[in-house]
Visitor: 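Dumping the structure here so I can ask a few things about it.
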Amino acid sequence: MNTPAILPPGSPKRPARERIVPLEFEPLDQYLQRRKKLNEIESLGHAAYPAKYDWTHTPKQIGEQFGQRRAEQLSAERVEVRVAGRIVALRPHGKAAFAHLTGDGVRLQIYVKLDVVGEAAYKLFQLLDLGDIIGVSGHLFRTKTNELTVWVEKLTLLNKALLPLPEKWHGLADVEMRYRRRYLDLIVTERAREIFLRRAQIIRELRRFFDERGYVEVETPMMHPILGGATARPFVTRHNTFDMDLYLRIAPELYLKRLVVGGLDRVYEINRNFRNEGIDAIHQPEFTMLEFYQAYSDAGALMDLTETLFRELVTTVCGTAAITYGEATLDFSRFTRLSMREAICKYWPAATGPAPSTAEIVARGGPRRAAERYNEFARAQGTDLAGEFGSPSDGELVGELFELIAEKHLVQPTFIYDFPIEISPLAKRRADEPSLADRFELFIAGMEIANGFSELNDPADQERRFREQVEKGGQESPKEVDIDYIRALSHGLPPTAGEGIGIDRLVMLLTNSHAIREVILFPLLRAGTAEAADTDSSEANGSDDTAPGQRSK
RNA sequence: AGGGGCGUAGCUCAGUGGUAGAGCAGCGGCCUUUUAAGCCGAAGGUCGUGGGUCCGAUCCCCACCGCCCCUACCA
């Protein structure tokens, strides 16, 4: 793209009607052609960018209200409508033409006839292109092929599109372009539109679910002075006035629990988290998380609630409790529950010999022995080993074995519970089994979807675990203990259960999408500008008026 | 980060060691019930970027850029 021609400061105000066009876009020939048509349209006396159009129906409403009317009824009733939309198909036939407008994602055919609209309007119509936005008024009728159509009597230009739409049959196939120019994707790819409408519906239903159960929706800081609430590498930013570094939050957890201390016994937040880590089919650096907390509750109650939530949500949004996801049919009418140890035993690879019993895994040194047996097999397979790095504790080994052996098999909705305490720094210890946290995760289609636990509310235990994290060091650990959080706990956090649900992954499941980018409107891509997909972006600036010395930044 | 794949007209894609093609879009013409409208005509390209091999590279080799997939990282 050509760089903008900069108006020197202090230059006289430009005349109101003069249109400065500093930017030009590919395809240049078509862009210039359309600008030429725009000029012609204006010189014919039409406003190019009128402020308003008084419509009576959207294309969708016309379909809903008159879609059932037969041809004879329509000609008898002579329903007058004014409707606006974008031209997405154009079939001129000399002195008459068909076109399709879209609005609300619905296509509506219009019929424009020279005899009917008159010379002037037909002249305007001939200067229109695919992508232009118009308003038409007239009555409804059915064509020979029985399609509900507007018999156009008046035509109004609402916006001349200066750039063409993508190819009408194949649409946008270049995924990079689809993400960088999502506006085009949404016009052209019906499925993309449906995904984001459904995403909105899912979030609406989630809010409804929690609202009607008395949870309060809150917003907590996105910028945190101390890292916390999860283990992840953060983005760092800077506040100038306070001269301080801040982290974009990796989780809202510690703030939400402060609110429970403050007497908001049931709270939830739906908002973004930011994690400075890898990008792949199920990870994006900013992603949306639902977190909710309820006082006087525990992890077991949360599992029940979660099951209800998912079953209701899926049924409402998809119309059935059994949905298709890729090759699988996911049945949300019943959830499996397995302890982490049971899951390891259940999916223990047969080639490794008989699976250990859960008792063996629980025994002191048991995870180490199981890992050694597993690793023999993994070495032969050339796959990853358990406990390969550092000197993991028994609990950490159980977590690794679970991920290596069981996680990918958890296709149907499955709760995994009894997490080792070592990998659960914010969860409450189980009274009867101190090596375990009262924690669960929900797995669906091999993805971790939710994570919930009984919250650690013993300030001394929490302080000890925070100090261990700080001592451990590394980019993922906080540099200092969050003293104020310990202070809040010292004022008393009631027995509380809390859970996080990854909204993006949930939307993936309910839209049968297999990449998180498909369910995020503007996923992060390198370079980050829509221009990067263009062939020439930096050079070819024909009018280089700016002397080098004048450039300032 | 490692491995694999891709990058050709505005879009969707063919193709070849001898400087390139189709459909759609755009342009000119014809066409008053079409729906991927049709017919006729003309135009459109630094074959991602930069090096190398070769008489000659869009094609072969190397590097870089971007995207995709797999693996790794990632509570």
Side-chain angles (χ1 to χ4, degrees), chain A residues 25-34 36-37 71 88-100 107 109-117 122 129-131 141-147 149 151 163-181 184 188 229-233 250-251 253 273 275-285 287 382-384 388-389 396 399-400 402-403 407 416 419-420 422-427 437 439 441 448 450-451 453 475-476 500 502 514-515 517 523 525-529 532-540:
Chain A
F25 295 99
E26 291 292 337
L28 192 57
D29 58 334
Q30 295 191 42
Y31 176 77
L32 295 175
Q33 180 66 33
R34 283 170 180 240
K36 204 173 114 195
K37 288 181 181 177
V88 291
L90 204 48
R91 294 179 294 280
H93 297 263
K95 297 186 178 61
F98 288 94
H100 274 98
R107 288 162 63 99
Q109 183 167 262
I110 65 169
Y111 184 51
V112 182
K113 213 152 91 104
L114 172 60
D115 303 351
V116 178
V117 297
Y122 205 74
D129 291 295
L130 288 177
F141 76 110
R142 285 195 184 272
T143 61
K144 272 204 267 193
T145 54
N146 211 34
E147 180 165 348
T149 303
W151 181 273
L163 287 168
L165 293 174
E167 209 261 356
K168 66 181 174 188
W169 189 238
H170 300 92
L172 266 187
D174 180 343
V175 291
E176 182 184 358
M177 192 87 87
R178 288 188 47 226
Y179 303 144
R180 289 193 195 275
R181 303 190 190 167
L184 284 182
V188 160
T231 309
R233 291 167 63 183
I250 56 173
E253 173 151 353
N273 289 347
R275 297 188 183 177
N276 203 343
E277 286 167 355
I279 295 180
D280 63 27
I282 55 170
H283 293 90
Q284 270 278 308
F287 60 99
T383 55
D384 296 321
E388 205 177 355
F389 304 103
E396 286 169 324
E400 285 193 43
F402 167 74
E403 284 175 24
E407 192 171 315
I416 298 295
F419 275 59
E422 298 96 315
I423 58 174
S424 313
L426 296 163
R439 173 184 175 191
E441 286 187 349
E448 179 194 335
N451 175 18
F453 41 85
Q475 291 175 298
E476 300 179 352
H514 296 263
R517 295 177 306 269
L525 301 174
R526 218 172 291 264
T529 69
D534 260 357
T535 44
D536 65 328
S537 47
S538 51
E539 42 179 48

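Atoms considered below: every heavy atom in the structure, side chains included; atoms not considered: hydrogens, waters and symmetry mates.
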Visitor: Is Arg142(A) touching bases, backbone alone, or none of the nucleic acid, heavy atoms closer than 4.0 Å?
Guide: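 It contacts nothing in the nucleic acid.
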Visitor: If you compare every side-chain N and O of Arg439(A) against the phosphate oxygens of A75(B) (OP1, OP2), does one of them come in below 4.0 Å?
Guide: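 Negative; the distance criterion is not met.
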Visitor: Does the Tyr122(A) side chain pair with the main chain of Ala96(A), one donor and one acceptor, at a distance under 3.5 Å?
Guide: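 Checking the backbone N and O of Ala96(A) against the side chain of Tyr122(A), a donor-acceptor pair under 3.5 Å is found.
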Visitor: Quick one: label Lys37(A) by what it contacts on the DNA or RNA (base, sugar-phosphate, nothing), any heavy atom closer than 4.0 Å.
Guide: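 Result for Lys37(A) = sugar-phosphate.
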Visitor: I want to confirm an ordering. Mapping Glu147(A) and Pro166(A) to their closest nucleotides on RNA chain B, which one lands closer to the 5' end?
Guide: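 First, find each residue's nearest nucleotide; the 5'-ward one identifies Pro166(A).
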Visitor: Does His170(A) get its side chain close enough to the base of C11(B), under 3.5 Å, for a donor-acceptor pair?
Guide: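 In this structure, the two groups form no donor-acceptor pair.
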Visitor: Is there a donor-acceptor contact under 3.5 Å from the side chain of Arg275(A) to the main chain of Ile250(A)?
Guide: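 Yes, the answer is positive, given that a donor and an acceptor are paired below the 3.5 Å cut-off.
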Visitor: Evaluate the criterion side chain to side chain contact (heavy atoms under 4.5 Å, CB included) for residue pair Gln284(A) and Ile279(A); output intermediate values, then yes/no.
Guide: CA-CA 5 Å; Gln284(A) 270 278 308; Ile279(A) 295 180; 3.6 Å; yes
Visitor: Using the C1' atoms only, state how far C59(B) lies from G52(B), rounded to an integer number of Å.
Guide: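 So the two C1' atoms sit 15 Å from each other.
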Visitor: Could you check which of A75(B), U12(B), A37(B) has an atom nearest any side-chain atom of His93(A)?
Guide: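 Of all the options, the side chain of His93(A) is nearest to A37(B).
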Visitor: Can you tell me how far P in G15(B) sits from the matching atom in U53(B), rounded to whole Å?
Guide: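 The same atom, P, in both gives a distance of 29 Å.
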Visitor: Starting at CD of Glu403(A) and ending at P of C74(B), how long is that distance when rounded to a whole Å?
Guide: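 Value for this atom pair: 9 Å.
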Visitor: Using the C1' atom in both, what is the distance from C70(B) to C55(B), to the nearest Å?
Guide: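 Those two atoms are separated by 43 Å.
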Visitor: Between G41(B) and G56(B), how far apart are the P atoms? Round to whole Å, please.
Guide: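 The same atom, P, in both gives a distance of 40 Å.
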Visitor: Could you tell me how far U49(B) sits from U58(B) if I compare only their C1' atoms? Round to whole Å.
Guide: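 Result for the C1' pair: 14 Å, nearest Å.
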Visitor: Classify the nucleic acid contact of Glu476(A) as base, sugar-phosphate or nothing, counting any heavy atom under 4.0 Å across all strands shown.
Guide: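 Result for Glu476(A) = sugar-phosphate.
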Visitor: Taking the side chain as every heavy atom from C-beta outward, state whether Trp151(A) and Val116(A) have any pair of such atoms under 4.5 Å apart.
Guide: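 Yes, at least one pair of side-chain atoms sits under 4.5 Å.
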Visitor: If the P atom of A42(B) is compared with that of C54(B), how far apart are they to the nearest Å?
Guide: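 Here A42(B) and C54(B) have their P atoms 42 Å from each other.
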Visitor: Given the P atoms of A36(B) and C24(B), what is the spacing between them in whole Å?
Guide: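 Result for the P pair: 13 Å, nearest Å.
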Visitor: Specify the separation, in whole Å, of atom CZ of Phe98(A) and atom C1' of U32(B).
Guide: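 Going from CZ in Phe98(A) over to C1' in U32(B) covers 9 Å.
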Visitor: Could you check whether the side chain of Gln30(A) and the base of A25(B) have a donor-acceptor pair of N or O atoms closer than 3.5 Å, going by distance alone?
Guide: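 By the distance-only test, yes, there is a pair.
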Visitor: Using 30° and 60° as the class limits, which term best fits the ring planes of His93(A) and Phe98(A): parallel, tilted or perpendicular?
Guide: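 Answer is perpendicular, since the angle exceeds 60°.
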Visitor: Quickly work out the Asp129(A) CG to G10(B) P distance and round it to whole Å.
Guide: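 Nearest whole value for this atom pair: 18 Å.
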Visitor: Of the options A75(B), A72(B), C24(B), whose atoms approach the side-chain atoms of Asp280(A) most closely?
Guide: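 For Asp280(A), the side-chain atoms sit closest to A72(B).
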Visitor: Checking base pairs now: Watson-Crick or wobble, both atom distances under 3.5 Å. What partners A63(B)?
Guide: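 Pairing partner, where one exists within any strand: U49(B).
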Visitor: Of the candidate nucleotides U34(B), G66(B), U12(B), which contains the atom at the shortest distance from the side chain of Arg180(A)?
Guide: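 Looking only at side-chain atoms, Arg180(A) lies closest to G66(B).
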Visitor: Could you please name the option among C69(B), A75(B), G10(B) that lies closest to any side-chain atom of Pro27(A)?
Guide: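 From the listed options, G10(B) comes nearest.
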Visitor: Please tell me if the side chains of Glu277(A) and Gln475(A) come closer than 4.5 Å, counting only heavy atoms from C-beta onward.
Guide: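 The answer is no, as the side chains (C-beta and beyond) never meet within the 4.5 Å cut-off.
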Visitor: Apply side chain to side chain contact (heavy atoms under 4.5 Å, CB included) to residues Asn451(A) and Arg439(A) and explain how you reach the verdict.
Guide: CA-CA 8 Å; Asn451(A) 175 18; Arg439(A) 173 184 175 191; 3.0 Å; yes
Visitor: Judged by each residue's nearest nucleotide on RNA chain B, which is more toward the 5′ side, Gly229(A) or His514(A)?
Guide: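 Going by which nucleotide is closer to the 5' end, it is His514(A).
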Visitor: What is the nucleic acid contact for Gly171(A), judged by heavy atoms within less than 4.0 Å: base, sugar-phosphate only, or nothing?
Guide: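 Sugar-phosphate, no base atom in range.
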Visitor: Syn or anti for U58(B), taking syn as within 90° of 0?
Guide: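 Base orientation relative to the sugar is anti.
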Visitor: So which nucleotide from C74(B), U32(B), C68(B) ends up closest to the side chain of Tyr111(A)?
Guide: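 Shortest atom-to-atom distance from the side chain points to U32(B).
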Visitor: Hey, is the side chain of Arg233(A) poking within less than 4.0 Å of OP1 or OP2 on A75(B), counting only N and O atoms?
Guide: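 The answer is no; no side-chain N or O of Arg233(A) sits under 4.0 Å from OP1 or OP2.
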Visitor: Which nucleotide, C11(B), U34(B), A36(B), lies nearest any side-chain atom of Thr143(A)?
Guide: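 So the side chain of Thr143(A) is nearest to U34(B).
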Visitor: Measure from the side chain of Lys168(A), starting at C-beta and using heavy atoms only, and say which of A25(B), U34(B), U12(B) lies closest.
Guide: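 So the side chain of Lys168(A) is nearest to A25(B).
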Visitor: Roughly how many Å is it from CZ in Arg34(A) to P in A25(B), rounded to a whole number?
Guide: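 Arg34(A) atom CZ is separated from A25(B) atom P by 12 Å.
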Visitor: Any side-chain N or O of Arg91(A) below 4.0 angstrom from OP1/OP2 of U34(B)?
Guide: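 Arg91(A) to U34(B) OP1/OP2: no side-chain N or O under 4.0 Å.
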Visitor: Check every strand shown and say whether Tyr122(A) touches a base, only sugar-phosphate, or nothing at a heavy-atom separation below 4.0 Å.
Guide: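 Nothing, no heavy atom under 4.0 Å.
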Visitor: Considering non-hydrogen atoms only, spot the tightest contact between Arg107(A) and Ala89(A) and give its length.
Guide: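 Nearest pair, atom of Arg107(A) first, then Ala89(A): NH2-CB, 4.0 Å.
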Visitor: Where the side chain of Lys95(A) is defined as all heavy atoms beyond and including C-beta, which of U32(B), G10(B), C27(B) is the nearest nucleotide?
Guide: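 Ranking U32(B), G10(B), C27(B) by closest atom to the Lys95(A) side chain puts U32(B) first.
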Visitor: How would you label the contact of Gln33(A) with the nucleic acid (heavy atoms, under 4.0 Å): base, sugar-phosphate, or nothing?
Guide: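 Sugar-phosphate contact only.
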Visitor: Report the nucleotide, chosen from C13(B), U32(B), G26(B), that has the shortest atom-to-atom distance to any side-chain atom of Ala173(A).
Guide: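 When the side chain of Ala173(A) is considered, C13(B) is the closest of C13(B), U32(B), G26(B).
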Visitor: Rounded to the Å, how far apart are Leu172(A) CG and G10(B) P?
Guide: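 Rounded to whole Å, this separation is 15 Å.
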Visitor: Can you give me the closest heavy-atom contact between Gly171(A) and Val188(A), atom names plus distance?
Guide: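 Minimum heavy-atom contact is CA-CG1, 3.4 Å.
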Visitor: Pairing check on A72(B): which nucleotide meets the Watson-Crick or G-U wobble criteria with it, both distances under 3.5 Å?
Guide: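 WC or wobble partner does not exist here.
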Visitor: Which whole-number value in Å describes the distance from Leu90(A) CG to A25(B) P?
Guide: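 Nearest whole value for this atom pair: 10 Å.
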Visitor: At 4.0 Å (heavy atoms only), tell me whether Glu277(A) reaches a base, stays on the sugar-phosphate, or touches nothing.
Guide: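 Counting heavy atoms under 4.0 Å across all strands, the contact made by Glu277(A) is with sugar-phosphate only.
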Visitor: For Glu448(A) and A75(B), give me the distance from atom CD to atom P, rounded to whole Å.
Guide: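 Rounded to the whole Å, the gap is 9 Å.
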Visitor: Between G45(B) and A14(B), how far apart are the C1' atoms? Round to whole Å, please.
Guide: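 Straight-line distance between the two C1' atoms is 15 Å.
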Visitor: Rounded to whole Å, please give me the gap between OH in Tyr179(A) and P in C68(B).
Guide: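 Nearest whole value for this atom pair: 7 Å.
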Visitor: Closest approach to the side chain of Gln109(A), judged atom by atom: which nucleotide of G10(B), C11(B), U34(B) is it?
Guide: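 Ranking G10(B), C11(B), U34(B) by closest atom to the Gln109(A) side chain puts U34(B) first.
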